[in-house]
Amino acid sequence: MPKYLLIMRGTDESNAAMMADIDEMMARTHQFIEEMVKAGVLLAAEGLDDPGQGVVVDFSGEAPVVTDGPYGETKELFGGFFLLDVASKQEAVEWAKRVPAAPGSKIEVRRVPGSDEVPQVAE
């Protein structure tokens, strides 16, 4: 079966809304994860730390440049993911529609190509 990545994207506003009732959001997320496990579709799920705690490695110049935090113009930040093993994109979308997300958040659904679809390097 194909794999699909549900990428959680939030804004400063949606992240603040989520944090305002974090206990409820965590309970709903835990229940959602249990439903995916029971359905046999969940391969992995992780959340990410605050973007301000990360760094950006920028390859636009001759040498990579490392700066603190995300780019200032970032409107939506990658906050975590669910990796699903489902039969179709439509099934992945149906799971994405059930993610307990704060208003203003978005879930991007992307297929993960199988190893047989990646060009192989000639030996």
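Residues take their numbers from the sequence shown, with the count starting at 1.
Partners of Gln90 according to the side chain to side chain contact (heavy atoms under 4.5 Å, CB included) rule, which considers only residues two or more places apart in sequence or in another chain, are Ser88, Val93, Glu94. A search for side chain to side chain contact (heavy atoms under 4.5 Å, CB included) contacts involving Ala96 returns Leu6, Ile107, Val109, not counting sequence neighbours. In this structure Phe82 satisfies the ring pair (Phe, Tyr, Trp, His ring centres under 6.0 Å) test together with Phe32, sequence neighbours excluded. Qualifying side chain to side chain contact (heavy atoms under 4.5 Å, CB included) partners for Ala44, counting only residues two or more places apart in sequence or in other chains: Phe81, Leu83. Shown here are the salt bridge (charged side-chain N to carboxylate O under 4.0 Å, His left out) partners of Arg111, two or more places apart in sequence or in another chain: Glu117.
Within the model, atoms OG of Ser14 and CZ of Arg9 stand 12.0 Å from one another, a figure rounded to the nearest 0.5 Å. Taking CD from Gln31 and CZ from Arg98, the interatomic distance works out to 9.0 Å, rounded to the nearest 0.5 Å. Here the NZ atom belonging to Lys3 is positioned 15.5 Å from the CZ atom belonging to Arg110, to the nearest 0.5 angstrom.
Counting only residues at least two apart or on different chains, the side-chain hydrogen bond (donor to acceptor under 3.5 Å, both in side chains) pairs with a member in residues 18-30 are His30-Glu34.
Side-chain contact between Asp85 and Val41 is absent, with no heavy atoms from C-beta onward closer than 4.5 Å. The shortest side-chain heavy-atom distance between Ile33 and Leu42 falls under the 4.5 Å cut-off. For the pair Met8 and Lys106, the minimum side-chain heavy-atom distance is 4.5 Å or more.
Salt-bridge check for Glu91 with Lys89: failed, with every basic side-chain N at 4.0 Å or more from each acidic carboxylate O.
Taken together through direct or relayed side-chain contacts under 4.5 Å among Ile, Leu, Val, Met, Phe, Trp and Tyr, Val65 and Val55 form parts of separate hydrophobic clusters. One hydrophobic cluster, built from ILVMFWY side chains closer than 4.5 Å, holds both Val86 and Val37. When hydrophobic clusters are built by joining Ile, Leu, Val, Met, Phe, Trp and Tyr residues whose side-chain heavy atoms come closer than 4.5 Å, directly or via intermediates, Trp95 is not grouped with Leu5.
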Run Ile7 and Phe78 through side chain to side chain contact (heavy atoms under 4.5 Å, CB included) and show every step you take. CA-CA 7 Å; Ile7 303 167; Phe78 177 23; 3.2 Å; yes
